[in-house]
Amino acid sequence: MAIFSVYVVNKAGGLIYQLDHYAPRADTEKTFSFPLDLVLRPHDERVVVAFGQRDGIRVGHAVLAINGAEVNGRFTADGKDVLEFLANPTNYPVSIRFGRHRLSSNEKLMLASMFHSLFAIGSQLSPEMGSSGIEMLETDTFKLHCFQTLTGIKFVVLADPRQAGIDSLLRKIYEIYSDFALKNPFYSLEMPIRCELFDQNLKLALEVAEKAGPFGPGS
Amino acid sequence: MSRPPGRKQENRKISRELFVLTYGALVAQLCKDYEKDEDVNICLDRMGYSIGIRLIDDFLARSAVKKCRSYSETADMIAQVAFKMYLGVTASVSCSSAAGNEFSLILDKNPLVDFVEELPAERASLCYCNLLCGVIRGALEMVHLAAEVTFLQDRLKGDAVTEIGITFLRKAEDRKHKRNK
């Protein structure tokens with residue numbers, strides 16, 4: 001049972017707080033000889049595995065490092081294009097590290113704003129007047145829960161689909177926000193939250209919710 | 001208020017006298033800083049506004065109230081729930097306009113003036129508790145209800161009761177379009 005991340009979105013749709021709570025993903029590093037039996041292709045700014053899943057290297061994993069040096073998007077640390085580098089037999093044997101690409105903070109900002117817009121669309125699509133926006137988004141690997149306060153702040157929690165008690169966790173996060181962010185006199189409204197106490201208390205609340213497991217937190 | 005689990009039950013209540021004295025000291029300092037009563041009133045209102053915009057989330061988080069569907073519900077909520085939660089007193093509400101957007105909150109007991117009998121002669125038009133008006137105005141604004149909040153009657157000025165008037169400015173229909181739910 002796990003809670004993966006917490007996002008706090010302000011009234012304008014900007015991300016003001018983000019916390020990734022999941023266990024560090026396992027990267028796989030392997031040495032390969034020419035020819036590479038994985039099929040790689042460029043995707044956005046990264047090189048990802050398209051086919052040839054094996055040994056913990058899954059489709060969708062991105063190339064994170066070559067020969068120990070972290071890649072910079074589609075280019076190696078020395079500036080060569082990754083796909084060209086791997087197509088050249090003289091560079092082998094080569095050690096490549098694969099893993100799930102973690103979202104960069106810019107990507108998170110963009111996704112939060114997109115979610116903010118979708119949330120508004122959700123309430124407008126409703127056949128009933130005065131409907132709330134998106135409250136839950138479900139996929140096979142996670143559930144996204146969203147709680148919008150009457151003041152327009154949204155608290156978004158991504159959790160395991162079997163995790164219960166997220167509603168009360170969202171209310172608890174609201175309390176923690178109103179205590180440690182809003183009551184901090186040096187915190188300006190709608191700005192990114194950089195309060196130690198908020199971080200600490202939020203992590204504590206997440207741990208309490210996780211320990212309670214699929215039955216929800218006890219009182 | 002959220003409390004970290006496992007901590008000892010500390011006494012969270014602070015002395016009421018300390019709070020009332022602090023408020024009194026604040027008003028006294030403002031009177032020294034500003035000559036005109038109007039300036040002091042405006043300053044108190046602004047301070048109250050900054051408090052109100054933050055206090056509203058605390059109120060909503062702790063009381064878990066649902067969205068109010070009408071102005072009178074909102075006024076009742078302020079008078080009965082919010083005043084009780086923060087000042088320990090309740091106010092009674094009366095609607096004073098046919099349009100349904102002007103309300104009066106009548107306070108029997110006002111804890112902020114525990115130690116004040118009457119205003120000094122040279123400060124006759126000072127609204128001692130103007131901070132409260134600012135708080136209410138700020139809080140309402142954060143839930144997208146523009147309002148004007150003033151003192152209509154003040155015991156310190158010789159009136160029988162303390163009365164706070166709330167006038168909601170925008171109509172409910174306009175409000176629906178601007179709602180971001």
Side-chain angles (χ1 to χ4, degrees), chain A residues 8-13 116-117 119-120 122-124 126 129-135 146-155 167-185 187-190 197-198 200-205 207-209 211-212 217-219, chain B residues 1-7 10 12 14 19 22 26 46-71 73-74 77-78 81-82 85-86 135-147 172-181:
Chain A
V8 181
V9 181
N10 69 9
K11 280 187 260 230
H116 171 83
S117 315
F119 184 94
S123 72
Q124 287 171 25
S126 162
M129 269 302 298
S131 153
S132 79
I134 296 177
E135 280 178 358
C146 177
F147 168 57
Q148 186 188 51
T149 68
L150 292 174
T151 49
I153 310 267
K154 280 186 264 300
F155 297 96
D167 275 341
S168 56
L169 174 66
L170 284 167
R171 304 277 178 291
K172 182 93 180 109
I173 298 179
Y174 187 24
E175 271 182 39
I176 295 176
Y177 167 75
S178 79
D179 278 343
F180 299 105
L182 289 184
K183 291 187 186 147
N184 182 342
Y187 168 68
S188 331
L189 255 51
E190 311 294 297
L197 284 173
F198 179 75
Q200 285 171 11
N201 283 275
L202 182 60
K203 287 184 185 142
L204 264 168
E207 272 157 36
V208 168
K211 261 189 232 151
S219 92
Chain B
M1 187 148 147
S2 67
R3 267 197 268 157
R7 229 164 63 168
E10 295 171 16
R12 297 177 336 171
I14 201 171
F19 173 64
T22 308
L26 174 73
R46 234 185 295 133
M47 279 190 219
Y49 179 80
S50 318
I51 295 178
I53 58 177
R54 293 163 184 256
L55 203 65
I56 179 68
D57 273 313
D58 180 70
F59 171 67
L60 292 172
R62 282 167 68 186
S63 64
V65 294
K66 296 276 172 266
K67 192 173 176 76
C68 289
R69 298 273 157 206
S70 68
Y71 290 140
E73 259 189 69
T74 313
M77 192 69 69
I78 298 175
V81 189
M85 198 187 277
Y86 292 110
V135 172
I136 298 175
R137 184 170 65 89
L140 286 173
E141 190 168 307
M142 292 300 273
V143 283
H144 316 290
L145 287 172
E173 297 87 75
D174 295 337
R175 199 167 63 83
K176 277 202 175 95
H177 293 311
K178 289 199 163 223
R179 218 190 302 174
N180 62 359
K181 262 197 141 182

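Since the structure is predicted, the reported quantities are computational estimates derived from the model, not experimental observations. Excluded from the calculations below are hydrogen atoms, water molecules and symmetry mates; all remaining heavy atoms, backbone and side chain alike, are included. Chain identifiers are assigned alphabetically (A, B, ...) following the order of the sequence lines, protein sequences preceding nucleic acid strands; residue numbering begins at 1 within each chain.
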*Report the residues that fulfil salt bridge (charged side-chain N to carboxylate O under 4.0 Å, His left out) with A:Arg171, sequence neighbours left out, ordered by chain and then residue number.*
none
_Minimum heavy-atom distance between B:Arg54 and A:Asn184, given as atom pair plus value_ = NH1-O, 3.1 Å
*Atom CD1 of B:Ile56 and atom CG of A:Leu182: how far apart are they, to the nearest 0.5 Å?*
11.0 Å
_Atom group of B:Ile53 that falls short of 4.5 Å from chain A, counting heavy atoms_ = both
*Looking at B:Asp58 and A:Lys183, what are the two nearest heavy atoms and their distance?*
OD1-NZ, 2.8 Å
*Hey, what do you get for CD (B:Glu141) to OG1 (A:Thr151), rounding to the nearest 0.5 Å?*
12.5 Å
*Would you say the side-chain atoms of A:Tyr177 and B:Asp57 include a donor-acceptor pair closer than 3.5 Å?*
no
*Mark yes when over 12 heavy atoms from residues, nucleotides or ligands other than B:Tyr86 sit less than 6.0 Å from its OH; otherwise mark no.*
yes
*For residues A:Leu189 and B:Met142, report the shortest heavy-atom separation together with the two atoms involved.*
CD2-CE, 3.6 Å
*chain B contact via A:Ala181 - side chain, backbone, both or neither, heavy atoms under 4.5 Å*: backbone
*Can you name the side-chain contact (heavy atoms from CB on, under 4.5 Å) partners of A:Asp167, sequence neighbours left out?*
A:Leu170
